[in-house]
Undergrad: 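If you scroll down you'll find the structure; I have some questions about it.
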Amino acid sequence: MDYKFSKEKFIESFNAKDTQSRSVDSMRLTHRADKQFKLFPYKASGKEQAPIVTELEDVVSGFFREGLNKKTDPIEFDVLCSDILEEVEVNEDDLDYFKDMIQNLFFIGNNFIADNIGFYPYQTTIYNRSVENLAHFLFSIFGIDDLDCQKIKDAKDNYKFNVLEELVIKVIEAKKVSEADKHSPYFVIKTDIQDKFKDDFYFMLESGMTSLEDLSNLFAVYYFYYVSQTCIILDNFCTGRRDEKGEVNFYYALDWEKVGKNRLCCVQGWELLQRSIGHMFSHAVTLEVLNQTLEEEMYDYIAFGEMAKESEETDAAIAAEIASAESVYCYYVGDYKEFKSIPFQTKNSKTEGAICHLYKCVEAQFLNTVRKRANQFYNEKFLEFCKSRWVKNRKKSGLVLNLTERDIIFLTKICLRNKEKIRLNDLFKEYEKRGIYLDSTSKEYLQEFFTKLNLIDKKSDSGDAQYVKRIL
């Protein structure tokens with residue numbers, strides 16, 4: 001067994017203080033999630049210090065900068081005009097017209113804008129660490145490698161620039177661009193969405209679906225799919241499955257349909273997911289505690305479960321190390337006195353039982369002390385994105401996962417690819433591959449929607465013999 005908890009590493013990482021500098025009854029550590037074990041790109045700070053990202057258009061440029069290994073200094077209007085004028089000659093009488101043209105084409109206020117794939121890596125960086133952290137998180141969890149980066153480069157290079165755009169890029173590249181900063185990757189909990197994301201991403205790059213709206217829609221689909229499933233996997237501790245179909249099939253309703261409380265979108269949708277989102281910070285801190293080792297390797301719950309299966313001796317030894325980690329953690333949380341009242345639960349292994357008890361200790365001190373707010377701040381980073389993008393209030397039926405017409409048109413485009421048509425039932429299966437499930441009632445409403453758009457090609461009245469035509 002290789003796993004050894006390091007108290008010294010814990011004290012350093014959590015900035016733990018001894019009783020000589022702080023009272024034994026005080027909080028003597030600083031919770032730092034996502035440092036040794038990078039799980040989610042969130043901070044346990046309020047919206048002013050760590051703004052919530054709900055619009056993923058802002059993330060696209062950061063994602064492309066990382067893919068192209070570029071770091072762009074802020075592009076200032078006056079400097080850009082001056083640099084261009086070093087390359088071309090403009091009559092004195094035309095200078096004002098020239099500057100107005102540059103302002104109107106390439107700037108909103110003082111910010112350089114990117115409205116096509118060729119300019120994404122040069123867009124003015126929003127001074128919002130939340131945006132940059134999320135861009136890097138998506139880059140990590142989607143498993144972007146050198147081959148993918150080359151695909152991004154090829155798509156950028158193949159974009160048809162006009163003469164002025166080529167000139168602007170030339171002067172920016174000459175003076176404003178350096179290599180991107182390197183960041184530690186996030187640990188990927190769910191590993192079976194990467195290939196599906198890349199298939200869709202490649203299709204979009206090759207077909208020209210590269211507007212900010214289209215790319216942000218793709219990121220929104222897979223960001224939600226990955227994090228929602230990861231929340232469920234984490235709640236299953238050592239028995240979670242990282243590389244199979246979703247742990248839970250989340251059901252959506254269509255934006256315009258009426259929803260009753262007994263529908264699957266109500267009983268197996270947002271309400272179920274919301275409970276798991278409430279555990280995100282506790283899981284992040286628990287995994288951070290567990291990964292206070294002198295090794296570089298990171299362990300999630302599933303990895304611990306796999307190690308525990310090696311032998312009873314290994315299982316007992318790992319559980320003992322985790323118990324040691326819990327003892328150290330609880331010692332430094334001096335302002336919470338109820339740890340001993342938290343019961344142990346019998347699990348599939350001693351290791352899993354030890355992990356679950358540590359998690360319960362972490363969760364208890366968040367829920368029963370002034371640190372409730374930190375817990376809320378961290379979890380709301382994903383919660384508010386979901387509510388802004390994927391959730392609708394159905395009044396008496398409560399909050400429900402929701403698909404708008406925009407979502408349906410986008411999803412259908414990437415499901416059909418270049419095919420002229422697809423069986424309606426196969427289209428539903430393609431939605432499900434992307435984590436989106438519909439019950440029979442929603443499927444009927446969706447069929448009606450396609451019929452109104454004249455996109456249904458009927459071979460017979462049976463569902464299997466109905467086709468959805470390609471959306472241009």
Side-chain angles (χ1 to χ4, degrees), residues 9 12-15 30-45 49-53 55-74 114 120-153 156 176-191 193-194 197-198 201 215-216 218-220 222-224 226-227 230 242 280-281 283-285 287-300 303 377-378 381-382 385:
K9 182 74 173 180
E12 176 188 351
S13 297
F14 283 78
N15 193 27
T30 303
H31 282 106
R32 293 176 176 173
D34 312 318
K35 184 178 180 183
Q36 190 76 0
F37 188 92
K38 294 179 72 66
L39 180 61
F40 298 120
Y42 312 130
K43 302 297 180 187
S45 305
Q49 296 86 0
I52 298 173
V53 182
E55 300 298 329
L56 297 195
E57 286 89 346
D58 295 337
V59 173
V60 172
S61 62
F63 186 93
F64 273 75
R65 276 196 297 274
E66 188 156 355
L68 294 166
N69 192 29
K70 293 181 183 291
K71 180 180 179 181
T72 310
D73 290 339
Y120 291 156
Y122 314 116
Q123 183 169 333
T124 296
T125 302
I126 297 172
Y127 293 104
N128 180 346
R129 289 298 302 169
S130 298
V131 170
E132 294 303 307
N133 289 342
L134 182 54
H136 176 59
F137 173 73
L138 296 180
F139 196 87
S140 290
I141 64 169
F142 295 156
I144 303 300
D145 56 24
D146 290 344
L147 176 61
D148 306 319
C149 292
Q150 186 61 47
K151 292 269 189 182
I152 294 172
K153 183 178 185 302
K156 175 184 176 297
K176 296 291 185 182
V177 177
S178 57
E179 286 191 3
D181 296 331
K182 299 298 181 183
H183 302 285
S184 301
Y186 284 85
F187 189 97
V188 179
I189 299 288
K190 183 169 178 57
T191 58
I193 72 163
Q194 286 78 11
F197 168 81
K198 291 181 183 183
F201 188 48
L215 288 169
S216 64
L218 182 72
F219 290 174
Y222 282 97
Y223 173 37
F224 179 80
Y226 174 84
V227 178
T230 295
R242 70 170 88 257
M280 293 176 79
F281 193 37
H283 283 304
V285 172
L287 285 163
E288 187 71 18
V289 173
L290 290 171
N291 280 275
Q292 298 306 305
T293 73
L294 299 180
E295 305 171 38
E296 291 186 2
E297 186 174 358
M298 294 187 285
Y299 303 92
D300 70 344
F377 288 150
Y378 188 94
K381 301 298 189 291
F382 183 62
F385 162 74

Undergrad: Could you tell me the separation between the NE2 atom of H283 and the OG1 atom of T230, rounded to the nearest 0.5 Å?
TA: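 H283 atom NE2 to T230 atom OG1 measures 11.0 Å (nearest 0.5 Å).
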Undergrad: Holding to salt bridge (Lys or Arg N to Asp or Glu O under 4.0 Å), I want the full list of residues that pass it with K38, two or more places apart in sequence or in another chain.
TA: none
Undergrad: Quick one: does Q150's side chain have a donor or acceptor within less than 3.5 Å of a partner on D146's backbone?
TA: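 Answer holds: no.
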Undergrad: Given 3.5 Å as the limit, does a donor-acceptor pair link the side chain of Q123 with the main chain of S61, or not?
TA: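 No, the answer is negative, given that no donor and acceptor are paired below the 3.5 Å cut-off.
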Undergrad: Before accepting this row, confirm whether a basic side-chain N of the pair K43/D34 lies closer than 4.0 Å to the acidic partner's carboxylate O.
TA: no
Undergrad: Quick one: does R242's side chain have a donor or acceptor within less than 3.5 Å of a partner on I189's backbone?
TA: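 Side chain of R242 to backbone of I189: a pair is present.
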Undergrad: What I'd like to find out is whether the side chain of R32 reaches to under 4.5 Å of the side chain of V285, using heavy atoms alone.
TA: no
Undergrad: Write down the atom of L287, the atom of L39, and the distance for their closest heavy-atom approach.
TA: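 Reported closest heavy-atom pair: CD1-CD2, 4.0 Å.
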Undergrad: Ignoring hydrogens, what is the shortest heavy-atom contact between L134 and P41? Give both atom names and the distance.
TA: CD1-CG, 4.1 Å
Undergrad: Who pairs with Y299 by ring-ring contact (aromatic ring centres under 6.0 Å, His included), at least two apart in sequence or on another chain?
TA: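 Expected list: Y3, F304.
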Undergrad: By ring-ring contact (aromatic ring centres under 6.0 Å, His included), which residues pair with F64, not counting sequence neighbours?
TA: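 With neighbours one apart ignored, the set is Y120.
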Undergrad: Within the 4.5 Å heavy-atom criterion, are K70 and Y122 side-chain neighbours or not?
TA: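 Side-chain contact under 4.5 Å: yes.
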Undergrad: Going by heavy atoms in the side chains, are F142 and L218 under 4.5 Å from each other?
TA: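 A side-chain contact is absent here, since even the closest heavy-atom pair is not under 4.5 Å.
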Undergrad: Can you tell me if S130 uses its side chain to pair, donor with acceptor, with the backbone of P51 under 3.5 Å?
TA: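 Present.
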Undergrad: When you compare the side chain of R65 with that of L68, does any pair of heavy atoms fall below 4.5 Å?
TA: no
Undergrad: Quick one: list whatever passes side chain to side chain contact (heavy atoms under 4.5 Å, CB included) with A135, sequence neighbours left out.
TA: V59
Undergrad: To check you understand the geometry: which heavy-atom pair defines the closest contact between P185 and S140, and what is its length?
TA: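 Nearest pair, atom of P185 first, then S140: CA-OG, 3.6 Å.
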Undergrad: Sorted by first residue and then second, give each salt bridge (Lys or Arg N to Asp or Glu O under 4.0 Å) pair with at least one member in residues 133-144; sequence neighbours left out.
TA: none
Undergrad: Which residues satisfy the side chain to side chain contact (heavy atoms under 4.5 Å, CB included) test with F385, sequence neighbours excluded?
TA: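 With sequence neighbours excluded, F385 shows a side chain to side chain contact (heavy atoms under 4.5 Å, CB included) to L56, A220, Y223, F224, F382, R389, W390, given in chain and number order.
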Undergrad: Residues two or more places apart in sequence or in another chain: which of them pass salt bridge (Lys or Arg N to Asp or Glu O under 4.0 Å) with D145?
TA: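 Counting only residues at least two positions away or on another chain, D145 forms a salt bridge (Lys or Arg N to Asp or Glu O under 4.0 Å) with K198.
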Undergrad: Quick one about S13 and Q36 (side-chain donor to acceptor, distance below 3.5 Å, no hydrogens or angles considered), yes or no?
TA: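 No, because no side-chain N or O of Q36 sits under 3.5 Å from a partner of the opposite role on S13.
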Undergrad: Hey, are the side chains of Q292 and F14 touching, using non-hydrogen atoms and a 4.5 Å cut-off?
TA: yes
Undergrad: Listed by chain and number, what are the side-chain hydrogen bond (donor to acceptor under 3.5 Å, both in side chains) partners of Y226, not counting sequence neighbours?
TA: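 If we apply the side-chain hydrogen bond (donor to acceptor under 3.5 Å, both in side chains) test to Y226, skipping adjacent residues, there are no hits.
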Undergrad: Which class fits the ring pair F201 and F219: parallel under 30°, tilted 30 to 60°, perpendicular over 60°?
TA: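 Rings of F201 and F219: tilted, as their planes differ by 30° to 60°.
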Undergrad: Using the salt bridge (Lys or Arg N to Asp or Glu O under 4.0 Å) criterion, which residues pair with K35? Sequence neighbours excluded.
TA: none
Undergrad: Is any side-chain heavy atom of F63 closer than 4.5 Å to a side-chain heavy atom of I144?
TA: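 Yes, their side chains come closer than 4.5 Å.
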Undergrad: Sequence neighbours excluded, which residues qualify as side-chain hydrogen bond (donor to acceptor under 3.5 Å, both in side chains) partners of H136?
TA: E66
Undergrad: List the residues meeting side-chain hydrogen bond (donor to acceptor under 3.5 Å, both in side chains) with T293, not counting sequence neighbours, and say none if there are none.
TA: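 side-chain hydrogen bond (donor to acceptor under 3.5 Å, both in side chains) check on T293 returns nothing, list empty.
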Undergrad: Hey, does the side chain of K381 reach the backbone of F377 with a donor-acceptor pair shorter than 3.5 angstrom?
TA: yes
Undergrad: Run the side-chain hydrogen bond (donor to acceptor under 3.5 Å, both in side chains) test against E12 and tell me which residues pass, sequence neighbours left out.
TA: none
Undergrad: Specify the closest pair of heavy atoms between F281 and A44, including all atoms of both residues, with the distance to one decimal.
TA: CZ-CB, 3.7 Å
